[in-house]
Amino acid sequence: MSAFETLLFSKEDGVARVSLNRPHVLNAYNMQMRDDFSEVLSAVEEDPEIRCLLITGEGRAFCAGADLTEFGSAPSLVVARQVRWERDVWGQFLRLTKPIVIAVHGFCIGSGVEICLLGDLRIAAKGTVFALPETHLGMVPAAGGTQTLPRHARMGWAPDLLLTGRRFDSDEALKYRIITRTAPNDALEDIALRAACEIASLDSLTMASAKTALAAGADLPLADALKLEARLAAAGGNQ
Amino acid sequence: MVEIRFRSLVLDVALPVATITLGLPDRRNRIDAVMAMELREACAELASAEGVQLVVITGSGDAFSVGRETPPAESASGAARLEWISRMQVASAVASLPVPVVAVVNGDAIDHGLELAMAADLRIAADHAKFAITDISRGCLPWDGATQRLPRLVGPAWARDMLLTSRHVNSSEAGDIGLVNRVVEAARLQDETRTLSDSILGGGPIAARYAKEALMCGPELTLEQGLRLEADLNVVLQSTSDRVEGLQSFLERKTPNFTGS
């Protein structure tokens with residue numbers, strides 16, 4: 001039931017499942033995938049039956065990074081800047097009111113890591129290879145990685161990973177808080193799906209409020225964030 | 001290679017790397033007003049030096065730096081103390097260097113010494129090195145960044161644990177909590193430092209500066225503002241020939257030759 005060129009989409013028991021589907025290029029993220037993600041995220045946000053989004057990758061890798069063959073195709077810097085905000089797919093990830101479970105395996109490189117960092121619950125198959133090689137390509141991450149990485153890995157680890165571009169494994173990713181769980185490779189799908197189903201079984205308004213409290217609160221002084229939390233809790237009722 | 005000898009430190013410039021070596025091993029590289037001034041001078045020099053892509057800070061002898069020389073008498077006025085503090089501060093000068101900075105922690109980094117090491121972007125440590133901020137156990141508050149940089153590096157829980165108890169942390173714990181990025185046998189420190197430096201220098205120099213800028217500024221902004229900064233830095237990078245070189249080299253599977261332009 002997939003209507004997308006680069007993504008598989010299915011829906012069952014309140015869980016929308018999106019799988020990156022360009023396995024011949026290790027799911028390299030390209031413009032078509034950006035457009036597909038943009039549509040999928042809008043649909044997921046609007047569909048009241050969906051209470052959790054699960055993101056996985058088809059084939060040998062979750063995502064080997066951005067499709068560099070398409071890079072440099074913008075006619076000017078002005079256009080490049082404009083295009084970045086015309087379809088702000090990373091903003092859509094961050095603004096999604098429904099929880100996102102991300103399950104990565106194989107290779108999780110560049111944009112793959114950045115997509116991972118945009119998820120709420122992040123699980124990796126043991127042995128997954130991670131890297132943020134952007135500076136070694138003369139660029140910096142562009143899917144929010146320079147901002148999400150230090151927020152999760154803190155400044156103790158973020159410069160190390162970003163400036164050396166080195167590879168690291170799933171145990172290290174756990175230590176750096178890029179993921180919060182590992183799973184045996186052959187059990188990854190089951191474990192991720194079970195986690196998504198569990199989340200989907202919970203009250204979706206409470207879930208949305210929790211996401212708001214966590215995201216908005218992180219940008220506020222503590223006193224204001226606590227007021228926000230109390231307001232959200234009061235609006236939720238049921239206490 | 002150019003070597004500039006200050007009274008209490010040596011600045012070696014072997015492009016693209018500049019190395020600052022604290023040079024008072026007999027005093028375990030305790031920071032005094034002269035060393036502080038020289039550190040700030042060296043940083044000011046390096047901030048605008050052409051061709052410097054990486055700064056290394058290390059200590060001579062068996063310690064990185066174990067603190068500072070005794071403050072003026074307690075009877076000194078608040079204003080005099082503040083004046084003394086501003087003459088002694090070094091961390092911000094190091095932290096504001098635009099290029100990546102690696103602290104090579106050759107031995108103990110205690111109090112002001114650790115505050116200096118924490119101003120670097122990465123830390124590689126000899127396995128015998130110990131780390132601590134002991135100011136609070138002596139009834140003082142640290143003032144060269146410890147209360148701010150430590151939680152940003154390791155998170156609030158470990159920062160409280162270290163600051164409020166003043167305890168010494170060994171290198172393996174420091175590696176676990178993210179206070180240092182690599183722990184190596186002392187005999188291998190030089191080799192491992194070279195490997196680490198080379199891995200940073202393998203990146204594009206402009207990209208490395210911008211990555212550092214995005215990392216340093218981002219967490220002080222709201223996430224949305226941070227994402228705008230990242231996007232704008234990306235757009236600017238698109239005007240560099242290094243980005244073209246990086247892409248082409250990747251597609252042709254060869255090592256890029258970045259020129260910093």
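Each chain gets a letter, A, B and so on, in the order the sequences are listed, and its residues count up from 1.
The candidate with the highest count of non-hydrogen atom pairs below 4.5 Å against chain A, out of B/Pro100, B/Gly204, B/Gly178, is B/Gly178. For the set B/Glu224, B/Arg182, B/Arg149, the entry with the most heavy-atom pairs within less than 4.5 Å of chain A is B/Arg182. Interface check for chain A: of the options B/Gln225, B/Gln248, B/Arg228, B/Glu245, the most heavy-atom pairs under 4.5 Å are formed by B/Arg228. Comparing B/Ala208, B/Gly226, B/Pro256, B/Ser197 by how many heavy-atom pairs each has under 4.5 Å with chain A, the most go to B/Gly226. Of the residues considered (A/Ala80, A/Pro150, A/Gly144), A/Gly144 shows the highest number of contacts with chain B, using heavy-atom pairs under 4.5 Å. Interface check for chain A: of the options B/Asp121, B/Ile177, B/Leu215, the most heavy-atom pairs under 4.5 Å are formed by B/Leu215. For chain A, the option among B/Ile200, B/Val154, B/Asp242, B/Val102 with the highest count of heavy-atom pairs below 4.5 Å is B/Ile200. Most heavy-atom pairs under 4.5 Å with chain B, from the set A/Gly145, A/Gly91, A/Ala215, A/Pro141: that is A/Pro141.
The OG1 atom of A/Thr164 lies 12.0 Å from the CG atom of B/Asp198; values are rounded to the nearest 0.5 Å.
A pairwise comparison of heavy atoms in B/Glu230 and A/Thr146 identifies OE1-OG1, 2.6 Å as the closest pair. Summarising the geometry of A/Gly138 relative to B/Leu237, their closest heavy-atom pair is O-CD2, 3.9 Å, with the distance given to 0.1 Å. Between A/His136 and B/Phe258, the closest heavy-atom pair is O-CZ, 3.4 Å.
For chain A, the nearby parts of B/Ser239 are the backbone and the side chain; heavy atoms of each come within less than 4.5 Å. For B/Val180, the part lying under 4.5 angstrom from a heavy atom of chain A is the backbone only. Using a 4.5 Å cut-off between heavy atoms, A/Leu68 touches chain B through backbone and side chain atoms alike. Contacts between B/Pro219 and chain A at a heavy-atom distance below 4.5 Å involve backbone atoms as well as side-chain atoms. In this structure, chain A has a heavy atom under 4.5 Å from the backbone of B/Pro151, while its side chain stays farther away. With a 4.5 angstrom heavy-atom cutoff, A/Trp90 does not touch chain B via any of its atoms. Both the backbone and the side chain of B/Tyr210 have a heavy atom closer than 4.5 Å to some heavy atom of chain A. When heavy atoms are compared at a cutoff of 4.5 Å, A/Arg81 approaches chain B by way of both its backbone and its side chain. Residue A/Ala218 does not touch chain B at all, counting heavy-atom pairs closer than 4.5 Å. Heavy atoms of B/Gln238 lying under 4.5 Å from chain A belong to its backbone as well as its side chain. Within the 4.5 angstrom heavy-atom criterion, only side-chain atoms of A/Leu94, from C-beta onward, approach chain B.
For the pair B/Arg243/A/Phe71, a side-chain contact is recorded, criterion being any heavy-atom separation below 4.5 Å from C-beta on. B/Met216 is listed as a side-chain neighbour of A/Met155, based on a closest heavy-atom distance under 4.5 Å. In this structure, the side chains of B/Val235 and A/Arg84 stay at 4.5 Å or more apart for every pair of heavy atoms. A 4.5 Å side-chain heavy-atom check between B/Asp176 and A/Lys175 finds at least one atom pair inside the cut-off.
A salt bridge does not link B/Arg123 to A/Asp160: none of the charged nitrogens lies less than 4.0 Å from a carboxylate oxygen.
Shown here is B/Arg167, whose CZ atom has more than 12 heavy atoms of other residues, nucleotides or ligands within 6.0 Å. Taking a 6.0 Å sphere around CD of B/Gln190, one finds it holds 12 or fewer heavy atoms contributed by other residues, nucleotides or ligands. Counting non-hydrogen atoms of neighbouring residues, nucleotides and ligands closer than 6.0 angstrom, the CD atom of A/Glu229 reaches no more than 12 such neighbours. By the 6.0 Å contact criterion, CD on A/Glu45 is enclosed, its count of non-hydrogen atoms from other residues, nucleotides or ligands being greater than 12.
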Q) Going through the distances and angles, do B/Leu227 and A/Thr148 end up as a side-chain contact (heavy atoms from CB on, under 4.5 Å)? A) CA-CA 9 Å; B/Leu227 293 171; A/Thr148 51; 5.6 Å; no
**Q.** Candidate pair B/Asn234 and A/Val140, rule side-chain contact (heavy atoms from CB on, under 4.5 Å), full reasoning
**A.** CA-CA 6 Å; B/Asn234 262 292; A/Val140 295; 3.6 Å; yes
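Figure legend: A/Arg154 and B/Trp158 shown without cation-pi pairing, the cationic atom not lying both under 6.0 angstrom from the six-membered ring centre and within 45 degrees of its axis.
Put simply, the side chain of A/Gln147 gets close to the backbone of B/Ala214: a donor and an acceptor are under 3.5 Å apart.
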